[in-house]
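Scroll down for the structure; my scribbles are underneath it.
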Amino acid sequence: MNSYDPQTIEARWQRWWADTHLYRTPSLSSADASTFYCLDFFPYPSGDGLSVGHGRNYVPTDVISRYYRMRGRAVLHPMGWDAFGLPAENEAIKRGIHPRETTTRYAANYRRQMNLLGCSYDWEREINSSAPDFYRWTQWFFLLLYRRGLAYRAIGQQWWCPDCKTVLADEQIEAGACWRCHGPVHKRDLEQWYFRITAYADELLSSLETLDWPEHILAMQRNWIGRSEGIEFDMAVEEADGSEASFTVYTTRPDTIYGVTFAALAPEHPLVLRITTPDRRAEVSAYSAEAARRSELERLQAGRDGVFTGAYAVNPVNGVRVPVYVADYVLTSYGGGAIMAVPAHDGRDWDFAARHGIPAPVVIAPPDWDGKPLAEAYTGPGVMVNSGLWNGLPSEEAKGRIAEWMEAQGIAHPTVQYRMRDWLISRQRYWGAPIPILYCDACGIQPVPEEDLPVDLPHIEAWLPGEDGRSPLANVPEFVHAICPRCGGPARRETDTMDGFACSSWYFLRFVSPDYADGPFDPAQLAVWGPPDLYVGGAEHAVMHLLYARFWTKVMADAGLVPFREPFPVLRSQGVMHARDPETDEVCRMAKSAGNVVTPDSVAASYGADALRIHLLFVAPFDCNTVWEEEGIVGARRFLNRFWRLALEVAATERTPGSPADANLRGTVHRTIERVTADVEAFKFNTAVAGLMECLNEMATHSRVHGVTAGLVEAARVFVLLLAPFAPHVAEELWERLGEPYSVHRQPWPVWDESLAAEEAITLVVQVDGRLRDKLTVPAAIGEEEARQQALSCEGVRRQLEDEGRRVTRVVYVPGRLVNLVTQGPAA
RNA sequence: GGGGAAGUGUCGGAAUGGGCAGACGAGCGUGACUUAGGAUCACGUGGGGCGACCCGUGCGGGUUCAAAUCCCGCCUUCCCCA
C-alpha cells in the first residue's frame with residue numbers, strides 16, 4: 001500500500017491504541033506537579049450524534065492532551081455523559097423510548113464517533129450521571145447543602161413550561177421561553193426546593209477576577225449576578241379604607257428622587273388590591289388578572305402597560321403626593337415589586353409616562369441643556385436642578401450625599417441588590433436524581449440518612465411527565481411510601497427529581513477516582529489531579545452550568561472537602577460552527593433542527609479523520625465562529641497526502657548523503673518546532689497548522705532540488721513528531737514506516753535549538769519618509785553603522801535622493817527590521 | 001436601551017509591547033505530466049499604471065519618522081442581557 005488511504009490506517013491504529021491501552025491515565029499516588037487535567041464540557045448524548053461542529057471542542061482538547069503527554073506530563077483526559085435531566089429525557093420522549101435505553105445507546109454512539117475522530121480519552125474512567133453509583137453522590141451533595149442551610153423549600157411564583165411539564169430556574173428561561181423546547185412559559189405558585197446560591201453572590205462575583213476565562217463569559221456572569229448598590233425607602237400610601245400603609249421601593253438613583261412623578265407596583269404586589277380606590281377596582285382587577293395570564297414573552301412585547309389605582313403615595317424627601325400605578329414592567333422578583341418612577345431620567349418610566357400623560361420634570365441637567373423639556377429620557381450624569389438644597393451639585397456627587405442624608409433622617413437605608421435569584425432545583429420529571437427527602441406527618445421534613453443512599457430511581461414504564469404537574473414518581477406507591485428515619489412512622493417520599501445541572505456541578509471531581517465507593521471522590525486522588533488545568537466548552541453554558549459548578553465548589557470548600565474555591569481556573573470557549581441551509585443558502589448554527597448537519601462519519605469516510613481534524617483546527621482561530629464549507633477540507637487532505645509521499649520517499653531511500661543545504665533546512669525545522677510549540681500552548685491551532693504547512697513546503701522544495709539528504713531524513717522524523725497531536729493516525733503510520741518503535745504518541749516532544757533556529761540572513765527594509773523603497777539582504781548580526789551605510793547607498797534610496805534633490809535629516813534604525821531615512825528637500 | 005466581540009483580497013484567515021499588509025489554505029488563471037486523479041508539479045493571482053511609482057485593512061479626523069495596530073467621532077455585523 002503506497003498511496004495515502006486514511007480509512008485503512010485510521011481503523012487499524014484506533015484498534016491498536018485501544019488494545020494497548022495507550023491512553024490509560026498514569027496511576028499516581030501522591031501529588032505531582034507534572035499532571036495535566038484536560039476536561040471537556042460534560043455532554044448529554046443526543047440521538048442525533050456528533051456533528052463536525054462538536055469537533056471544534058473535542059479536537060483541540062485532544063491536541064492539547066497529546067501535546068502534554070509528549071511533553072512528559074501525566075495527563076487525565078476523561079469523558080462521560082450528562083445523561084440525567086431535561087435534555088436527555090426530552091430526547092427519549094421524542095423517540096418514544098425509555099431514557100435508560102436511549103442514554104445508553106446514544107452514549108455508545110458518541111463514544112464510537114469520538115474514537116472515529118481519534119480522540120484520546122481514557123475510557124476506563126467513563127462516567128454516567130444517571131448511574132446509581134454516580135447519582136448516589138449527587139444526592140449526598142444535596143444533603144450536604146441541606147445540612148448547611150443551603151437547600152430549602154419555599155412557595156414562590158415559578159416558571160412553568162407546559163410543554164416540558166415542569167418548573168424551570170430563572171436562568172433556564174431564554175428570551176421568555178423554555179431553554180430546552182423554546183416553548184412559551186408562564187408563572188405559577190408552587191412549593192419547590194431551592195439551593196441558596198445567593199448566599200455566595202458576592203464571592204461568585206468578586207472571584208471572577210481570579211479566573212483565566214474569556215472576557216465575554218466573565219461579562220455574562222457579572223451581568224447575570226447583577227450586583228447593584230442603592231437605597232431602600234418607604235413610601236406612605238393611603239389605603240382604600242382610609243388606614244395608613246406603605247410600600248418599600250428600591251432605587252440605584254437617589255440623585256433623581258426629586259423627579260419622581262409616579263410610583264408603580266407589580267401586578268402581583270400584595271398591596272395592590274388594598275390601596276385601589278373603589279372606582280378603580282374593576283379596572284385594576286381586570287388588568288392584574290390579564291397580566292398574570294400572559295406569558296413573560298407577551299408581557300415584554302406588550303410595552304409599558306399599566307393602570308392607575310386611584311391611590312397616592314408620598315415622596316419622603318419633599319412630601320409630594322404622586323399617583324400609584326400598577327404596571328407589568330415592574331418585576332416582583334427585583335427590588336420588592338415596587339418602584340419610584342422618574343420619567344425624565346429612566347427610559348422605561350419615560351415610555352410609561354408618555355402613554356399616561358404624566359409629567360417628566362428635569363432634575364439632572366444634561367450638558368448644554370437649554371432648559372426646555374427633553375425629547376427622551378436622559379440617564380447620564382449632569383448638574384442637579386429642581387432638587388431643593390442639592391441644586392448645582394454634580395449628580396454623581398449628589399447620589400451619595402442624598403443617600404447619606406436620607407439615612408441620617410431615618411427614611412432610607414443602603415442596600416445591595418442582586419439580579420440573581422436562588423436556584424430552583426425541583427423538577428416534576430422522572431429522569432433525574434430523586435431528591436433525598438422524606439415528609440413525616442409527625443416529624444416534618446426529614447433528610448434521607450446518608451447510609452440509605454442512593455434513593456434509587458425505580459425502573460417504571462409510565463415515566464412520561466404527567467398532566468397534573470406532579471412527577472410520575474408520585475404514581476409509584478412503593479417509591480412514595482417510606483419510613484420516617486426519626487420516629488419510625490409512615491412517611492411520604494419527595495417525588496420531584498433534581499435539575500440535571502446538579503450532576504454537572506460536581507462531575508469533574510468524579511473523574512479523579514471514578515470507582516471510588518467511600519465518597520464522591522478520593523481526596524488523595526483529588527490532591528493528585530486537582531481541579532482541571534484546562535476546561536473547554538461552548539458559550540451556551542456560560543451562565544448556568546459554570547455558575548452552578550462554581551457555587552457547589554465554594555460550598556465544598558467551606559465544608560473542607562476540596563482545597564480550592566474555583567473549579568475551573570482556566571476556561572476556553574470554542575467558536576460556533578455554522579452551516580449553510582441546503583435550500584436557502586442562509587447561514588445559521590449547525591443543528592439537526594436546521595437540517596444542515598454534517599457528521600464526522602461522512603467526512604471521515606471521504607477525507608479521513610486526520611484531514612477533518614487538520615481542517616477544523618486550521619480553518620479559523622479556535623474561538624471564532626465559522627461556517628462549514630466542504631471544499632476547504634481538500635487543502636488539509638492535500639497537506640497530509642504531500643507529507644505521506646515525502647515520508648515514503650524518505651523511508652525508501654537507503655543512502656542519504658549530507659548536503660550543504662541541510663543547514664538551511666535544519667534552521668526551518670527548528671524554527672517550526674519553536675513556532676508550533678508556542679502556538680499550541682497559546683491555543684493558536686490555526687497558525688500552528690500553517691507553520692507545519694510552511695515547513696512541509698520547505699521540505700518538499702529541498703527534496704526536489706537536493707534529493708533525500710541526511711538533513712531531510714532528520715526533518716521528516718521531527719515533522720512526524722510535530723504532526724502527531726494534530727493528525728495522530730497518519731503520524732503513527734509514518735512513524736512506523738520510518739522504522740521507529742511504537743508509539744509516536746509516547747515519544748518526547750522535539751526541542752528546538754536556539755542557535756540552529758536563528759536566521760543567518762535577514763531582510764532589512766529600507767524606507768524613505770516611511771515609504772518602502774528597497775529591501776536588503778544582510779547578515780542577521782549586522783551593526784547599525786553598516787546598516788545605515790548600506791541603506792544610504794542602495795539603489796532604491798539613490799533614486800529618491802538624486803532625482804529629487806533631497807537630503808537626509810534623520811535616520812531611524814530598528815535593529816533586524818528596517819532603516820527609515822527622513823528627508824527634507826524641494827519636493828517635500 | 002445596557003454589556004461583550006468583531007469589521008483586512010473572490011473566500012477562510014495571517015500580521016497588534018506601532019516597523020515589508022495579505023503568511024498558510026481555498027478558489028481562479030497559465031503551463032507540465034499523464035496507468036485522466038477529489039492526483040501531482042511549476043508559475044501567477046488586492047486595484048491602477050508601459051514604467052519609476054500611486055492607491056489600498058468599514059467611514060471621517062488625529063498622534064508619529066512610521067498606524068490594520070494607538071487616540072477621538074461615526075457606521076455595520078454577531079453574541080448576551082433587557
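Labels below follow one simple rule: chain letters A, B, ... track the order of the sequence lines, proteins then strands, and each chain is numbered from 1.
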*Would you kindly give the NZ-to-P distance between A/Lys684 and B/A14, to the nearest whole Å?*
9 Å
*To the nearest Å, how far apart are A/Leu218 CG and B/G3 P?*
17 Å
_At 4.0 Å (heavy atoms only), tell me whether A/Arg222 reaches a base, stays on the sugar-phosphate, or touches nothing._
nothing
Protein-nucleotides 46-51 of chain B N/O pairs closer than 3.5 Å?
none

*asked:* Say we look at B/A66 and B/G62: how far apart would their C1' atoms be, to the nearest angstrom?
replied: 15 Å
*What integer distance in Å separates A/Arg253:CZ from B/G2:C1'?*
14 Å
_Rounded distance in Å - CZ (A/Arg771) to C1' (B/A52)_ = 14 Å
*With sequence neighbours left out, what residues match A/Asp346 under side chain to side chain contact (heavy atoms under 4.5 Å, CB included)?*
A/Arg348, A/Asp349
*asked:* My understanding is that only residues two or more places apart in sequence, or in another chain, count here; which of them pass side chain to side chain donor-acceptor pair (under 3.5 Å) with A/Trp628?
replied: A/Glu630
*Any side-chain N or O of A/Arg704 less than 4.0 Å from the OP1 or OP2 oxygen of B/A42?*
yes
*In whole angstroms, how far is the P atom of B/U40 from the CG atom of A/Leu640?*
12 Å
*Between B/C65 and B/G60, how far apart are the P atoms? Round to whole Å, please.*
24 Å
*Please name all residues satisfying side chain to side chain contact (heavy atoms under 4.5 Å, CB included) with A/Pro621, sequence neighbours left out, ordered by chain then number.*
A/Asp623, A/Cys624, A/Asn686
_Separation between the P atoms of B/A68 and B/C75, rounded to whole Å_ = 24 Å
_For the P atoms, the ones on B/U63 and on B/C28, what distance do you get once it is rounded to whole angstrom?_
47 Å
_Under the rule for side chain to side chain contact (heavy atoms under 4.5 Å, CB included), what residues qualify as partners of A/Ala678, not counting sequence neighbours?_
none
*Starting at the 5' end of RNA chain B, which residue's closest nucleotide do you reach first, A/Ala620 or A/Glu630?*
A/Ala620
*What nucleotide among B/A23, B/A21, B/C65 has an atom nearest to a side-chain atom of A/Leu772?*
B/A21
*For A/Arg810, which contact category applies under a 4.0 Å heavy-atom criterion: base, sugar-phosphate, or nothing?*
base
*asked:* Whether A/Arg419 contacts B/A82 is assessed here as follows: a side-chain N or O lying under 4.0 Å from the phosphate OP1 or OP2. Is that the case?
replied: yes
*Can you tell me how far C1' in B/U69 sits from the matching atom in B/A14, rounded to whole Å?*
14 Å
*Return yes if a side-chain donor-acceptor contact under 3.5 Å exists between A/Tyr418 and A/Asp202, otherwise no.*
yes
*asked:* For a quick check of understanding: with a heavy-atom distance under 4.0 Å over all strands, which category does A/Arg675 fall into, base, sugar-phosphate or nothing?
replied: nothing
*asked:* Under a plain distance cut-off of 3.5 Å, with no hydrogens placed, do A/Tyr67 and A/Thr677 share a side-chain donor-acceptor pair?
replied: no
*At under 4.0 Å between heavy atoms, what does A/Glu629 touch on the DNA or RNA strands: base, sugar-phosphate, or nothing?*
nothing
*How about A/Glu795: does its CD atom have over 12 heavy atoms from other parts shown lying under 6.0 Å from it?*
yes
*asked:* Using a heavy-atom cut-off of 4.0 Å across all strands, would you classify A/Arg637 as base, sugar-phosphate, or nothing?
replied: nothing
Below 3.5 Å between N/O atoms, which protein atoms pair up with nucleotides 25-31 of chain B? Just atom names and distances, please.
| unit_1 | atom_1 | unit_2 | atom_2 | d |
| --- | --- | --- | --- | --- |
| B/G25 | OP1 | A/Asn697 | ND2 | 3.3 |
| B/A26 | OP1 | A/Arg638 | NH1 | 2.7 |
| B/G27 | OP2 | A/Arg638 | NH1 | 3.2 |

*Rounded off to whole Å, could you give me the CD1-to-C1' distance for the A/Ile614 and B/C24 pair?*
12 Å
_Residue closer to the 5' end of RNA chain B, A/Phe639 versus A/Gly770 (nearest nucleotide)_ = A/Phe639
*Taking the same atom, C1', in B/G37 and in B/G48, what whole-Å distance lies between them?*
40 Å
*Paired stretches of RNA chain B - 3 or more consecutive Watson-Crick or G-U pairs, each distance under 3.5 Å*: B:1-7 with B:75-81, B:10-12 with B:24-26, B:27-32 with B:40-45, B:46-48 with B:53-55, B:58-62 with B:70-74
*Rounded to the nearest Å, what distance is computed from the CE atom of residue A/Met220 to the P atom of nucleotide B/G3?*
16 Å
*For A/Glu786, all residues meeting side chain to side chain donor-acceptor pair (under 3.5 Å), sequence neighbours excluded*: A/Gln790
*What integer number of Å spans the C1' atoms of B/U64 and B/G19?*
12 Å
_Apply the syn/anti split at 90° from 0 to B/G9 and say which one it is._
syn
*Rounded distance (Å) that lies between atom P of B/A23 and atom CZ of A/Phe685*: 24 Å
*Pairs involving residues 682-704 of chain A, ordered by first then second residue, that meet salt bridge (charged side-chain N to carboxylate O under 4.0 Å, His left out) (sequence neighbours left out)*: A/Arg675-A/Glu694
*I would like to know whether A/Tyr325 and A/His356 meet ring pair (Phe, Tyr, Trp, His ring centres under 6.0 Å); could you show each step before the answer?*
CA-CA 10 Å; A/Tyr325 283 77; A/His356 295 268; 5.4 Å; yes
_Polar contact flag, side-chain donor to acceptor under 3.5 angstrom, A/His578-A/Thr626_ = no
*Taking the six-membered ring for Trp, are A/Phe719 and A/Phe643 ring centroids under 6.0 Å apart?*
yes
*Base, sugar-phosphate, or nothing: which does A/Asn641 touch, judged by heavy atoms less than 4.0 Å apart?*
sugar-phosphate
*State whether A/Arg773 places a side-chain N or O below 4.0 Å from either non-bridging phosphate oxygen (OP1 or OP2) of B/C54.*
yes
*Listed by chain and number, what are the side chain to side chain contact (heavy atoms under 4.5 Å, CB included) partners of A/Ser703, not counting sequence neighbours?*
A/Leu646, A/Glu649, A/Leu712
_side chain to side chain donor-acceptor pair (under 3.5 Å) involving A/His615 - partner list, sequence neighbours excluded_ = none
*Sequence neighbours excluded, which residues qualify as side chain to side chain donor-acceptor pair (under 3.5 Å) partners of A/Gln221?*
A/Arg550
*Hey, does A/Pro214 reach any base, or is it just sugar-phosphate, or nothing, if we go heavy atoms under 4.0 Å?*
nothing
*Which part of the nucleic acid does A/Val814 contact within heavy-atom distance under 4.0 Å: base, sugar-phosphate only, or nothing?*
base
*C1'-based separation of B/U8 from B/U40 [nearest Å]*: 33 Å
*asked:* Suppose we call a contact any N or O donor and acceptor under 3.5 Å apart; does that hold for the side chain of A/Asn223 and the base of B/C81?
replied: no
